[in-house]
Amino acid sequence: MNLIAVAVAGYVAFSLELGLRNSFAIGGGIAPSFVFVLCTILAIGAPGSLVLWICLVFGVLTDLTWPHEVLSGEPVTIVGPYAIGYLIAGQFILALRSQIIKRNPLSVGFMCMTGYFVAQTVVVAIYTFRWIYTPTMPWEPTHQLLQRVLAAVYTGILGVLIGFLAQALSAALGIQPPQQRRSTRPIY
């Protein structure tokens with residue numbers, strides 16, 4: 001895997017997410033995540049140990065990118081919820097990647113949707129615990145979870161669309177497809 005290409009792809013994904021998030025938003029701010037689609041493509045084909053580190057770094061960068069409003073008025077940056085959420089979602093995708101057809105765009109979309117749902121569930125759980133412990137930010141757990149479930153579906157749709165380019169993107173990132181085992185026994 002080419003880490004420089006991954007860094008460039010991460011920069012492009014964060015740029016798309018910051019620049020186009022409001023344009024793609026529907027309803028009450030439900031928008032897809034370009035960064036998580038990149039994490040999913042990496043998790044489907046890259047070595048497991050690197051995937052977890054990349055998911056952790058992308059999660060920390062997501063935490064630093066999106067500050068949260070508090071009741072005092074100034075936005076606050078909280079590092080940790082997305083980092084842990086992306087890390088757990090990366091492990092979830094690593095656990096399921098042997099069960100999918102890696103070249104199918106629907107598989108990429110399904111993994112984007114379910115992985116992003118796992119990540120957002122962790123994020124909502126962490127923020128809810130923080131809100132119970134110190135209620136300094138406006139937070140409604142049920143509303144947040146519902147919005148993030150819809151965002152996971154939207155990210156899955158984006159994953160299907162990007163899944164058509166996933167093989168070319170994987171080659172550009174230096175992700176080698178796994179070698180198929182050849183059987184020496186004849187099949188009767």
Side-chain angles (χ1 to χ4, degrees), residues 5-46 51-52 54-63 65-66 68 81-127 140-173 175 177:
V6 170
V8 170
Y11 178 78
V12 170
F14 273 103
S15 299
L16 288 172
E17 190 152 332
L18 289 172
L20 297 177
R21 186 172 184 88
N22 293 333
S23 299
F24 285 164
I26 57 173
I30 299 166
S33 175
F34 290 94
V35 175
F36 195 79
V37 171
L38 177 62
C39 285
T40 302
I41 289 171
L42 290 171
I44 288 174
V51 167
L52 295 178
I54 290 170
C55 286
L56 184 66
V57 168
F58 283 172
V60 168
L61 291 174
T62 303
D63 280 328
T65 304
W66 301 105
H68 292 278
Y82 279 99
I84 295 170
Y86 279 21
L87 182 67
I88 291 173
Q91 181 61 42
F92 175 77
I93 294 170
L94 285 175
L96 290 181
R97 74 179 178 178
S98 65
Q99 306 300 319
I100 64 169
I101 302 169
K102 295 181 173 122
R103 286 177 263 152
N104 190 345
L106 294 176
S107 297
V108 175
F110 176 75
M111 295 306 279
C112 286
M113 182 182 69
T114 56
Y116 199 61
F117 175 72
V118 168
Q120 292 300 330
T121 303
V122 170
V123 169
V124 168
I126 291 172
Y127 278 130
E140 190 177 326
T142 306
H143 176 70
Q144 290 290 328
L145 190 60
L146 180 64
Q147 273 194 326
R148 292 165 192 255
V149 165
L150 295 174
V153 172
Y154 200 1
T155 301
I157 294 168
L158 178 68
V160 170
L161 296 175
I162 294 177
F164 288 107
L165 306 171
Q167 197 164 12
L169 185 60
S170 295
L173 295 174
I175 299 172

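Here the structure is a predicted model, which means the values were calculated and not measured.
Taking 4.5 Å as the limit, every side-chain heavy atom of Met111 sits out of range of all side-chain heavy atoms of Val108. Residues Leu173 and Leu38 have side chains in contact (heavy-atom distance under 4.5 Å, counting atoms from C-beta outward). Side-chain contact check for Tyr86 versus Val35: some heavy-atom pair is nearer than 4.5 Å. Proximity of Val123 to Arg148: side-chain heavy atoms (C-beta onward) are separated by under 4.5 Å at one or more points.
For Val51 against Ala46, the heavy-atom pair with the smallest separation is CG2-CB, 3.6 Å. Here the closest non-hydrogen pair linking Ala89 and Gly115 is CB-O, 3.3 Å. Counting all heavy atoms, side chain and backbone alike, Gly90 lies closest to Leu52 at C-CD2, 4.0 Å. When all heavy atoms of Ile175 and Ile41 are compared, the pair lying nearest together is CD1-O, 4.2 Å. Heavy-atom minimum distance, Val60 versus Ala83: CG2-CB, 3.6 Å. Contact detail for Pro141 and Val124: the closest heavy-atom pair is O-CG1, 4.1 Å.
Tyr154 contributes a side-chain N or O that, together with a main-chain N or O of Phe24, makes up a donor-acceptor pair within less than 3.5 Å. A donor-acceptor contact shorter than 3.5 Å is absent between the side chain of Thr155 and the backbone of Met113.
From Lys102, atom NZ reaches atom CD1 of Ile44 across 8.5 Å, with rounding to the nearest 0.5 Å. Distance check, rounded to the nearest 0.5 Å: OG1 of Thr40 to CZ of Phe110 gives 11.5 Å. Distance CG/Leu146 to CD/Glu140: 10.0 Å, rounded to 0.5 Å. Leu56 contributes atom CG, which lies 5.5 Å from atom CG of Leu87 (distance to the nearest 0.5 angstrom). A distance of 5.0 Å separates CZ of Arg97 from CG of Leu94, quoted to the nearest 0.5 Å.
A distance below 6.0 Å separates the ring centres of Tyr116 and Phe36.
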When you look at Tyr11 and Leu61, which way does the side chain to side chain contact (heavy atoms under 4.5 Å, CB included) test go after all the steps?
-> CA-CA 10 Å; Tyr11 178 78; Leu61 291 174; over 6 Å; no
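A perpendicular orientation is assigned to the rings of Tyr82 and Tyr127, their planes being inclined by more than 60° (bins at 30° and 60°).
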Donor-acceptor contacts under 3.5 Å from residues 156-170 side chains, at least two apart:
{"from": "Ser170", "atom 1": "OG", "to": "Ala166", "atom 2": "O", "distance (Å)": "2.8"}

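Judged as a salt bridge (charged side-chain N to carboxylate O under 4.0 Å, His left out), the pairs with a partner in residues 11-37 (not counting sequence neighbours) are, in order, Glu17-Arg21.
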